[in-house]
Every structure is written in C-alpha cells, then in structure tokens.
Amino acid sequence: MSGFDESLLDEVDETVRVRFVVNGRKVACEVAPRETLVDCLRNALELTGTHAGCEMGACGACLVQIDGRAVHSCLMFAVQADGAEINTIEGLTESGVIADLQAEFHRRNALQCGFCTPGMLVNAQELLSQVAEPSREDIRDALSGNCCRCTGYEAIVDAIDAVAKARREAGGTP
Amino acid sequence: MSAPLTSLDRPNSYIGRSVPRPNAKRLLAGRGRYVSDLKLPRMLYAAFLRSPHAHAKIVAIKTDEARALEGVHLVATGEDLAKICTSWTGTLDHFKGMTSTPQWPLPLERVVWAGQAVVAVVAESRAIAEDALERIRVDYEDLPLVVDIDAARRAGGPLINAGSTNNVCFRSQLDSGTVDDAFAHAAHVVEEEFSFGRHTAVTLEPRAIVADYDPSAGMLTVHHATQTPYQFQDLYSRHYGIPEARVRVIATDIGGSFGMKLHVYHEDMAVVGLSILLGRPVKYVADRIESFVSDIHARDHRVRARMALDATGEILAMDVLDLTAIGAFSTYPRTSVVEGNQVIRLMGGPYRFKNYRATLEVLFQNKVQTSQYRAVGHPIACAVTERLVDMAASKVGLDPFAIRARNVIADDSYPQTSPTGYRFEALSHQACLKRLHEMMDYDSLRAEQADLRKRGVYRGIGIATFIEITNPGPAFYGVGGARISSQDGAILSLTPSGEVRCLISVTEQGQGTEAIIGQIVADQLGIAQDHVKVVTGDTEVTPHGGATWACRGAGIGGETALQATRVLKRNILEIAALILQEQPAALDIIDGQVVDAATRQQRLPISEIARIAYFRSDTLPPGTQPQLTVSHHFAPQGYPFAFTNGIQGCSLEVDVETGFIKVLKHFIVEDCGRVINPMLVDEQLRGGIVQGLGAALFEECRYSETGQLMNGSLADYLVPMPMEMPDILIAHVETPTADTELGAKGVGEAGTAAASACVLNAVNDALSPFDATINAIPITPTRVLKALKRF
Ligand code: FES
Ligand code: FES
C-alpha cells in the first residue's frame with residue numbers, strides 16, 4: 001500500500017443532516033453515518049447528562065427517551081434517530097416529569113457518583129409509565145440492565161417503590 | 001412528644017444526622033461535571049495503539065501514513081515522550097529488596113502485556129485518531145511469556161525482566177511465636193489451598209483526563225478523574241520538570257474510583273506529554289475495552305493456609321503462604337505489594353492467638369498491573385481466615401457463631417497487639433457477633449434450612465468476622481519514600497454575609513465527602529448547613545493533603561474540618577467579644593447568632609460581625625486584625641491506623657442442578673466509630689458489599705494461555721446487577737477512636753472486606769450434605785458443578 005486510500009477519507013468526511021426534536025426543541029445537525037446517538041447528544045448538542053459507560057448496551061448509562069420509550073443511545077446511530085422526539089435527562093428535568101423521582105433519589109441518597117443516575121431515572125420513569133404497581137422484584141427486574149458500581153441498588157429500588165406508591169395515591173395517570 | 005432530648009435536638013447539630021448530600025441534586029439533574037464531559041477551546045483528542053502481544057520486542061514502528069491523515073496533529077512513540085518525561089519505578093524503600101523495572105509513558109523496546117499502549121495519536125476527533133491508529137504498523141518479535149503463577153515461579157522459565165534472575169518482585173516473611181510447636185501439639189488442624197481470581201474496578205465512568213499545557217505561562221492544568229489530585233500534581237511536576245506551583249490538577253465529579261483512579265497510568269502520563277508537545281489541550285477517555293486491559297486489576301492470589309486448634313476449638317496458630325501475581329511492573333507510586341503485605345498482616349486479625357507465620361511472594365507476569373482496589377488485601381485475608389474457622393468449627397463440632405465467640409478478642413481487653421504487629425485501640429467483636437445473631441434470627445434460619453433440605457432445597461448460611469484498616473498515618477507510604485500525604489488541610493472563611501466557605505483537601509467521588517464536611521463545619525460553628533459551602537478537588541484552591549483513599553475522608557478529613565472550625569469559631573467570638581464588650585468565653589454561636597453562652601440569649605448575628613470586620617474595621621479597637629479566614633492542617637497521631645471491625649452474614653440458595661447461586665439476604669453489623677451521617681454510612685456499606693458480592697460470585701478477568709484477556713467487555717465480564725443483588729440489613733455498634741475529637745473511623749471498605757468470605761462460607765454450608773467444597777473465588781456455576789462432580 002502506498003499513500004492512503006482516498007475513498008476511505010471521503011467516507012469518513014461524509015456527513016448527513018439529521019433533524020430531531022430534542023427536549024422539546026427542533027434541532028438539526030450534521031453527523032457522520034458512523035456516529036452514535038450518544039456521541040451526537042454529548043458532543044454536537046452538548047447534552048452531557050447522558051453518559052456512556054460501555055457503548056454496547058450493557059450498562060444503561062446512556063438511556064434516553066425516544067418517542068416516549070427508554071432507548072440505549074449507544075446502540076443507535078444518530079442517523080437512525082432522524083425525525084424522532086428525544087428527551088434526555090436535561091429535558092426531563094426541565095419539564096418536571098421526573099421531579100418526584102429526583103426528589104426521592106435525593107432524599108434516600110440513591111446515588112453516589114451519579115454516573116449511572118440519568119439512565120436509572122429514565123428507566124424508572126419508563127417502568128412507572130408501564131406498570132402502576134410494581135413489586136420490588138419488578139423494579140429490580142426492570143433495572144436489570146442498569147449497572148451501578150457505587151450503590152448497593154437497594155436505595156434506588158426503595159426510591160422508585162416510594163414514588164410508585166405516591167403516584168398511585170395521587171391518582172395520577174400511571 | 002415525650003421522647004427524651006438527645007444531642008441531635010440541639011440546634012445545628014448535624015453530626016449523626018442523615019441529611020441528604022447537597023451536591024447530589026446537581027447529579028440528579030444531569031448537571032454533573034465529569035472530566036469525560038469537558039470540552040476546551042482548541043482541544044484535541046488522543047487515542048492509543050495497543051499491543052496485541054503479551055510479551056514482544058518492538059522491532060520497528062511505522063507511522064508515516066498515520067501522520068499524513070488529515071486532522072492528525074501528532075503521532076508519538078515512546079522515544080518521543082521519553083525526551084521530555086523521566087521514568088518511574090514502582091518500589092517503596094520500606095519493602096526491603098523489592099524490585100520493578102523503570103516505566104515510561106510508552107514503551108521503548110518491549111511490550112509486556114497484551115493491551116499495553118504503544119503509540120499515541122492526537123487528532124481533531126477521537127474518530128480521526130482511531131482511523132489513524134489503523135494506519136500505523138508495528139513490527140514485533142514474540143518473546144517467551146509468563147501467564148500464570150506457577151510459570152512465574154518455575155526455575156529456568158521465561159524471565160519478564162531481562163537482567164534479573166527470577167520473576168520475584170518482593171518476598172516477605174513474618175514469624176511470631178512457636179508455630180511448629182503449636183501445630184505439633186494441636187488437637188485439630190485444618191488446611192486448605194485457596195485461589196482468588198483477578199478482577200477489576202469497572203468504574204462506570206472510565207478513566208478520563210484532559211491535559212492543558214500553556215507554553216506562554218509555563219503552566220500545566222490537568223483535569224483528571226482521580227481521587228488524589230495532590231499526588232498527581234507532584235508527579236506531573238517532577239516527571240515533566242514543571243515547578244509544582246505551575247501544575248494544577250482539578251478533579252471535579254468522578255464517576256467512581258474505588259482505588260483504581262489513584263495509580264499512575266501510562267496513557268495519563270502520555271497525555272500530559274502530548275499536551276506539552278503540542279501546547280494545546282488534549283483529552284483522553286478510555287473506552288470500556290481499553291479500561292479492561294489497562295485499568296489496574298486486583299487480587300490474583302494463591303494462598304495455602306493452615307490453622308491449629310486445641311480440643312475445645314481455641315485457635316492456637318496459623319501458618320500461611322500467599323503467592324500473588326501482579327503483572328509486569330509494580331504500580332507507581334503506591335506499588336503492587338501493599339495488597340499482599342496486607343493479606344499476610346490481616347490474617348487471623350479478629351482472633352486472639354499468638355503463633356503466626358506467613359510467607360509472601362509477589363511475582364511478575366505478562367498481564368496488566370494489579371494494585372490497590374477497594375479493601376486492599378482484606379477480602380483475601382478474611383476469606384482464608386473465616387473459611388478455616390468454619391472448617392475448624394465443623395471439625396470440633398461447634399456452631400460457626402460459637403467458635404467465633406470462643407476466639408474473638410474480648411471487647412474489654414483492649415488495647416491489643418496482633419501477632420502480625422497491628423495495634424488495636426478498641427474493637428467490638430463480641431458486641432457485633434451478638435448483634436448479628438439477633439439480626440439474622442439465626443436459629444430460625446437454621447431451622448428453615450434443615451426443613452428445606454429435606455425437600456431438596458439447599459440453602460447456606462455464612463458469617464464472617466473482619467477488621468478493616470482505616471485512617472492510615474504517615475508510616476503507610478511516607479516512610480517508604482512516596483510523596484503521599486497522610487495529613488489533610490482545610491481553609492475556612494467567614495464570608496461577608498456570614499456564611500462559611502470550606503476548602504478541604506479530602507475529595508469527593510460520590511461517597512458524600514462534601515456533605516459530611518459541611519455537617520461537621522455547621523455543627524461545630526453553630527450555623528445552618530446550607531450556609532456552608534464545601535469546595536474539594538482543585539490543587540490551586542484547596543490546601544495540600546492526602547485526599548481520599550484507604551478510608552481516611554471522614555476520620556482524617558473530618559477531624560481537619562472539625563479542628564479548623566473550632567479555630568474559626570474562636571476568632572469570630574474574639575471579635576464578637578470586642579464588639580459586645582464581653583469575654584469571648586461568655587459567648588457562643590447558635591443558628592448563626594452570637595448568643596450569651598449561659599442564657600442563650602441572642603446578641604448579634606455573625607453576619608453583623610463579618611460586616612463590621614470586613615467593611616468597618618475602623619470601628620474596632622485599635623490593633624485589632626480580624627482573622628476570619630483560618631487555615632489548618634491535621635496529621636494523624638497515636639495509633640498508626642484506626643482499625644474498625646464488624647461482622648457480615650449471608651443467606652443464599654444453591655441450585656445443585658445448575659450451579660446457580662441466589663443470595664437471599666445479606667447482613668452486616670459494623671463499628672466505624674462515630675457515625676457522622678448514618679444514611680451515607682449505610683450506602684457506603686451496601687455499595688461495598690455489592691462490590692464484594694460481585695467478586696465472590698461473578699467477576700473474573702480471564703486470560704488465555706497467550707496472555708490475552710478473554711472477557712474484556714461488559715457483556716462478558718459480569719458485574720452485579722440489581723436483579724442478582726439482595727436486600728442488605730445493617731446495624732451499627734459505635735466505638736469512637738480516642739485519637740481524635742471527632743472519633744470517626746473509616747467505613748468504605750468494610751462491605752467489600754468480608755462479603756467474599758461470607759459467601760464462601762455460605763456456599764460451603766449449602767454444599768455440606770454433598771461432601772463437596774469450594775475454595776476458589778469467584779464461585780461460578782461451573783465451579784459449583786465441578787465441586788458437586790456434575791460437570
Ligand atoms: S453506554 Fe449504552 S448501555 Fe452502556
Ligand atoms: S452512583 Fe456511581 S455508578 Fe451508580
């Protein structure tokens with residue numbers, strides 16, 4: 001091989017314009033086809049609340065809401081999300097939809113370093129929107145793809161359990 | 001309300017109270033400021049080409065094509081960096097005869113483990129840097145390699161370090177008492193060989209660093225996801241020849257550390273050099289696969305141990321051989337032998353016996369370095385000791401609780417010195433044992449176990465007593481010549497509006513350092529906790545100190561804050577006394593108000609004292625120089641360590657068809673001295689236990705015969721997930737240390753220390769009807785089935 005393969009360079013350089021509604025705001029960006037959604041969110045859009053822990057769908061740190069469902073942003077290319085409605089921890093915080101979960105996590109110290117926490121919250125919100133009366137077992141099961149290396153998980157389970165009960169009592173929509 | 005008033009009913013009493021962490025709200029909102037989030041103007045990104053060989057000579061490195069790629073700014077080899085960086089050697093003077101070869105940011109002649117970084121590329125994006133890596137060619141010549149412990153010891157086998165005569169890094173021996181004699185006269189002897197796999201920290205945020213060298217100012221700023229910014233300030237300064245005051249290390253939010261983020265990594269040192277070469281900020285964040293092959297691993301021990309007992313089940317002696325393999329180098333600056341050294345010194349720690357002998361052999365091999373990780377040495381010493389105690393119990397015919405009750409050092413017999421030379425100020429084994437027995441409802445657990453066994457359900461109950469080393473003094477590293485501080489510092493200021501800013505050298509990684517320091521300051525000064533702002537993790541701002549490792553945050557950092565606050569309070573009251581024409585001793589501070597100490601009548605808010613001192617010093621008596629900023633350092637004295645103790649219990653079920661183990665419930669009784677924030681202590685314990693359970697059941701870095709890490713991803717390397725983890729019951733016994741006013745000891749490693757031992761005992765208990773035993777960690781389904789001869 002002499003010099004380098006020009007076509008490779010072209011491929012790398014090629015970008016695609018994608019558009020999403022991120023945290024309620026329309027955004028457009030130029031992304032390389034190989035760029036994952038988590039990288040696009042963190043780098044291009046500077047939404048660093050979404051974290052990358054494994055980049056292979058095993059740890060849950062990168063969970064975001066896409067069209068209302070919790071999705072691993074490390075397992076998706078940014079181009080695949082074209083046209084989608086995306087909510088990250090920043091947007092979920094601003095809109096207040098998870099304020100009760102956040103308050104309960106805070107009260108019970110259901111986090112230490114906080115790196116897993118945005119993914120935990122997105123997943124907890126997903127669970128509570130699907131199951132009105134989860135048992136502790138259900139909660140643990142729902143979180144079975146969310147790794148936390150600092151806590152013993154128990155406070156997280158306690159917090160979600162408490163919010164599930166409170167939401168039920170408040171008679172809110174499940 | 002008729003409950004009696006306690007010290008917690010005093011206004012501003014925060015010590016002992018479960019208050020939430022102020023900084024946790026930010027993390028919950030996705031507003032963490034982790035190094036991996038950081039983006040600086042003109043920042044470039046580094047990536048590393050790694051060795052595919054475990055041991056090979058570097059013949060040639062061809063980088064032209066990589067350099068030619070658009071967007072690439074620098075391709076650097078070991079030679080390039082060695083021109084500006086001096087080498088380092090991971091030895092300490094007090095480990096006599098210890099060896100390790102010099103290390104450079106990138107290797108010059110040889111690679112010594114598969115995954116070692118060999119060439120660095122800096123480019124406009126990580127993706128471009130990785131594209132460039134594919135265009136680099138390195139010619140290697142394979143060298144004979146050493147993978148397992150036996151091969152490392154074999155005479156005439158391959159040598160890892162040319163010029164040496166064997167692969168031994170360090171040998172040590174302890175001998176107290178007449179061990180042979182004790183064994184000769186023992187009524188019972190139990191003996192076992194144990195193996196402990198390698199595992200690794202898997203912090204959820206991988207290692208991250210942004211180095212920013214400004215040539216015009218000769219100033220290096222490093223944003224570094226580390227526990228120990230001061231240590232790195234010193235290292236970067238010395239190895240790159242930059243005056244210490246011109247090196248600033250900032251460690252803001254850290255996504256987990258557990259001891260893993262306090263060692264020198266080749267890539268981190270290289271990134272600093274790359275930034276110096278380019279005069280621009282350079283960022284490197286390990287990806288998960290890189291973390292597995294380059295973060296330190298831990299454990300990797302083979303232990304042969306025996307215990308002698310008299311006819312009543314009293315322990316007479318222990319005799320131990322610990323072989324541990326640490327990779328190709330000893331880590332810097334803390335070395336890789338601290339773990340083995342602690343293993344042989346912690347053995348038998350909770351028990352009262354005199355005759356002890358141990359040999360430690362630390363060996364090199366062609367794998368990534370092992371080094372200090374949460375509960376250094378503790379899980380090994382605890383598992384070996386506690387398993388032998390259980391084996392002895394069944395031989396003598398005693399219950400596991402009974403044999404421990406017979407042998408633990410009595411609560412009323414302190415101070416004590418262990419046969420390995422550790423000095424214990426005051427521990428509470430008997431109280432903890434008793435408490436655990438009640439908490440587990442032990443007798444009904446046993447009845448249930450017997451019942452279920454008849455129906456083919458095999459449950460096991462395991463307990464494990466432990467001691468934990470906390471609050472290490474200067475004899476730990478300082479004595480060996482390492483520039484690692486055992487003291488901490490605090491700078492406390494009363495602000496003009498009457499709030500307090502506390503800059504402190506202990507650092508925060510989520511365990512709640514900032515919260516407890518705030519509690520201590522508010523408590524001691526007499527103000528509301530939300531009027532205290534605690535700042536950590538910036539060498540330019542916070543005073544020098546040891547920071548956070550080996551459970552020293554509360555015990556040493558907390559005491560520093562306490563003493564500093566008392567000085568500030570004295571100064572505030574002196575000024576208040578001048579203003580109020582009173583004696584300082586007649587005044588106190590409650591809720592931010594200076595009050596009459598006797599009547600508690602309010603005299604003046606401290607904000608008014610601050611206003612007068614800062615803005616109207618002309619109204620103070622001539623000669624008054626208000627000192628509303630105090631700086632204070634505290635170095636531990638007295639006992640070299642504040643030992644803590646406790647006991648764990650575990651109830652689990654073994655599926656004898658599949659080998660799967662389900663932990664049903666875990667228990668811990670822990671004595672960490674004065675508890676500052678019970679909620680944070682409990683969470684530390686739970687987190688530590690879960691890490692220990694991971695080690696006990698799942699986590700293992702598996703290598704092929706050619707030294708390749710076979711399971712270097714989170715899909716292949718199992719960590720405990722919520723579904724596999726039990727609820728954990730916690731109880732406390734409080735024996736404060738008298739060495740400090742605060743009385744706090746550490747707690748971060750207690751959970752990890754005994755979890756493996758507990759599980760090991762419980763699994764063996766479950767398997768007892770089958771005459772099957774397990775002596776290896778992690779206890780995987782395969783190992784269980786092998787023990788049952790079903791695989
Ligand atoms: S980063 Fe996406 S699951 Fe781990
Ligand atoms: S809080 Fe650190 S990983 Fe969960």
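By convention in this document, chain letters (A, B, ...) are assigned in the order of the sequence lines, proteins followed by strands, and residues within each chain are numbered from 1. Here the structure is a predicted model, which means the values were calculated and not measured.
The one candidate from A/C59, A/C113, A/C150 that meets the side chain to side chain contact (heavy atoms under 4.5 Å, CB included) condition with B/L204 is A/C59.
Between the B/E205 side chain and the A/F115 main chain, no donor and acceptor come within less than 3.5 Å of each other. Distance alone, capped at 3.5 Å, places no donor-acceptor pair between the B/E683 side chain and the A/L111 backbone.
Heavy-atom distances place the side chain of A/R42, and not its backbone, under 4.5 Å from chain B. For a residue to count as touching a neighbouring chain, one of its non-hydrogen atoms must lie under 4.5 Å from one of that chain's; by this rule A/A52 touches chain B with the backbone only. With a threshold of 4.5 angstrom between heavy atoms, B/P726 approaches chain A through N, CA, C or O but not through any side-chain atom. For B/S36, the parts sitting under 4.5 Å from any heavy atom of chain A are the backbone and the side chain alike. The contact between A/Y153 and chain B is made entirely by side chain atoms (from C-beta outward), counting heavy-atom distances below 4.5 Å. Only the side chain of A/T117 comes within less than 4.5 Å of a heavy atom in chain B; its backbone stays farther off. Of the two parts of A/D39, neither the backbone nor the side chain holds a non-hydrogen atom closer than 4.5 Å to a non-hydrogen atom of chain B. For A/R108, the part lying under 4.5 angstrom from a heavy atom of chain B is the backbone only.
Taking the charged nitrogens against the carboxylate oxygens, B/R126 and A/E55 have no contact shorter than 4.0 Å, which rules out a salt bridge. Under 4.0 Å is where a charged nitrogen must lie from a carboxylate oxygen, and between A/E90 and B/R31 no such pair does.
By number of non-hydrogen pairs under 4.5 angstrom with chain A, the leading residue of B/A127, B/G71, B/G32 is B/A127.
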